[in-house]
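Take a look at the structure below.
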Amino acid sequence: MRILDTLTVTEKNVDTSNAVRIYLCGVTVYDESHIGHARTIIVFDTLRRYLESNGIKVNLVQNFTDVDDKIINRANKENTSAEEISTRYITNYFNDFDKLNVKRADSYPKATEHITEMINLIQGLIDKGFAYTAKNGVYFSVLKFKEYGKLSKKKIEELIVGARVEVDETKNEPVDFALWKFADDSPIWESPWGKGRPGWHIECSAMSLKYLGSNFEIHGGGRDLIFPHHENEIAQSESFSGINFAKIWMHVGMVTINGEKMSKSLGNTKSIDFVLNKWGPNIVRLFCLSGHYSKPIDYSEDLLKETITKWRQVENCYFELALADNFISESEELEKIKEMVRESKIEFDNALDSDFNTPLALSAFFKLVKSVNQLASSEKLMRSISDTILPTFHQMLSILGLSVIQVNEDEKNKISNLIEQRNMLRNQKKFQEADVIRKQISDMNIILIDHKNKTLWMKQEKIGIEN
RNA sequence: GGUGAGGUGGCAGAGUGGCUAUGCGUUCGCCUGCAAAGCGAAUCUAUAGGGGUUCAAAUCCCUUCCUCACCUCCA
């Protein structure tokens, strides 16, 4: 599998000979997560699902930033503690992402639980001459790290000239960034240099080193983290370890709305709670994977509505496969189907192997869906054919993290009985009474499909906008 | 201003030198008691403008225009 590396701007092979170690920059827990966060996390969730489906072990570490000025501000505003705020939004995070069918990462380290590791790292940087103590804190000396700017392709001189923030005169250079910030009010920790809090970037250097070592396979996050966050992480980590930090940097494009970036500061975010209520998890996942991960994707109601149609086809396909009749089919036909399924999976895999091209993989998936619906429509979808297709269909669904609504046995029996009653009435041409039963069934979110010789049913996921 | 990514049919979105991507939409049809869903056919040979290289370019080169992102916290 090849992934485009932001640092070298080349496609690099992912080393899968051992467990693939992935560090994903997660969220700062001061508010609800939104669809932008969801995209990044769904991309990485799908990536890990794909690798795992090929029998490759993955060690996915995703941090929570739970010490930050925004958290403290919010706590002050609500007259509570920073801890209360971060705990609340971590709970909120898991609630949202469980619903989005995102598999739990292998660990979710928190900044506040790794203060010691950060202090050790900062001390190491001071000892090696890369960091210094000043009036307001401990800073990283950017000029000491010769390769600074290599990830974001920025020149240090230009950063110094173009510094837009008010320059803190106590630093040696305006570009130097804080590793430790002195503070007197909670939350604060003791350190060899004085009470205070860690800077933003140091947590990821410390925690990735602790959990994944100093040269792991993939470091990921949103594109907006390239500068300064990931640039600074590289500076810290490589100055400390003396070796390359991550082998591949993988960055996910922004979610825009009306062509503009969705962000808290612009106030145009769509929370995950909102999109889940409106569209449901499958539509949201399909939407997030419908464009190449590296490019921006625009959130528009029309596009999401389109996605509902696509999802209905998948549901239709699923129930056709699940409820196919037990006819005996010709073996010649079966061989053709086997070949079709095999090619479909190869197309799907090739797309993902080639810089995780999910839109291309989705097109392979929808081709398979279409083929099934064609077979069903021409009354050729026998049990044996369904059984040939089902494993691959399920595998693709599982990689994409999609799940068709499940129906229990009681419900199945009830549906079968009602269908039988209705068909009896239909045979007697008592259509009004038959329609009453159909209505009764549709109230259970079951759609009936009248084929020539039998009536098929499917359970549809309820999608908020349709109500 | 600097840096980076882009501009593909009504829409979304692949393709990075030659072969119909794919999907949605729209119209008509099949199926049905009527629907729904599904299927079929039609629409759609598109590649920001201009130059160039080539037997051949959406794909390479030059140029113009436009969009977005990052340069400040941000997934």
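Please read all numbers here as calculations on a predicted model, not as lab measurements. Per chain, numbering begins at 1; letters A, B, ... match sequence-line order.
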_Under-3.5 Å donor-acceptor pair between Arg223(A) side chain and rC68(B) base_ = no

_Would you say Lys370(A) places a side-chain N or O within less than 4.0 Å of OP1 or OP2 belonging to rU22(B)?_
no

*Is there a side-chain polar atom (N or O) of Lys261(A) under 4.0 Å from OP1 or OP2 of rC70(B)?*
yes

*Considering only the P atoms, how many Å lie between rG7(B) and rA12(B), rounded to the nearest integer?*
12 Å

_Give me the distance, rounded to whole Å, that separates rA58(B) from rU8(B) when you measure between the P atoms they each carry._
15 Å

_Distance check, P atoms only: rA69(B) and rA57(B), in whole angstrom units._
35 Å

_Measuring only the C1' atom in each nucleotide, how far is rG6(B) from rC19(B)? A whole number of Å is fine._
27 Å

*Knowing that exactly one of Phe64(A), Tyr23(A), Tyr211(A) qualifies, which makes a ring pair (Phe, Tyr, Trp, His ring centres under 6.0 Å) with Tyr108(A)?*
Phe64(A)

*Look through every strand shown and name the nucleotide pairing with rC68(B) as Watson-Crick or G-U wobble, where both distances are under 3.5 Å.*
rG4(B)

*asked:* Within the 4.0 Å heavy-atom criterion, would you say Val252(A) contacts the bases, only the backbone, or no part of the nucleic acid?
replied: nothing

*So does Asp450(A) reach the base of rG38(B) with its side chain, donor to acceptor, closer than 3.5 Å?*
no

*Scan side-chain atoms only and decide if Asn282(A) and Glu461(A) contain a donor-acceptor pair under the 3.5 Å cut-off.*
yes

*Nearest-nucleotide wise, let me know which of Leu448(A) and Ser290(A) is further upstream toward the 5' end of RNA chain B.*
Ser290(A)

*Between rU16(B) and rC60(B), how far is it from one C1' atom to the other, in whole Å?*
9 Å

*asked:* So, does Gln374(A) get its side chain near the phosphate of rG38(B), meaning an N or O under 4.0 Å from OP1 or OP2?
replied: no

*With no angle test and no hydrogens, is the base of rA12(B) tied to the side chain of Asp298(A) by a donor-acceptor pair under 3.5 Å?*
no

*asked:* Between Asp66(A) and Tyr89(A), is there a side-chain donor-acceptor contact under 3.5 Å, judged purely by atom types and distance?
replied: no

*Euclidean distance for P, rU54(B) against rG49(B) (whole angstrom)*: 22 Å

*asked:* When you measure from the side-chain N and O atoms of Lys439(A) to the phosphate of rA35(B), is any distance below 4.0 Å, counting only OP1 and OP2?
replied: no

*Can you find a side chain N or O atom of Gln313(A) that sits less than 4.0 Å from OP1 or OP2 on rC24(B)?*
yes

*Across all strands shown, which nucleotide pairs with rC60(B) by Watson-Crick or G-U wobble geometry, both distances under 3.5 Å?*
rG52(B)

_Partner lookup for rG40(B), please. Criteria are Watson-Crick or G-U wobble with both distances under 3.5 angstrom; report none if nothing qualifies._
rC28(B)

_Under 4.0 angstrom between Asn357(A) side-chain N/O and rG15(B) OP1 or OP2_ = yes

*Any Lys/Arg nitrogen of Glu315(A) or Arg312(A) sitting under 4.0 Å from an Asp/Glu carboxylate oxygen of the other?*
yes

*Distance check: side-chain N/O of Lys459(A) vs OP1/OP2 of rA37(B), anything under 4.0 Å?*
no

*Mind checking Lys154(A) for me? I need base, sugar-phosphate or nothing, with any heavy atom below 4.0 Å counting as a touch.*
base

*Using atom C1' of each nucleotide, how far apart are rC61(B) and rU27(B) to the nearest Å?*
44 Å

_rA21(B) to rA14(B) separation - P atoms, rounded to the nearest Å_ = 15 Å

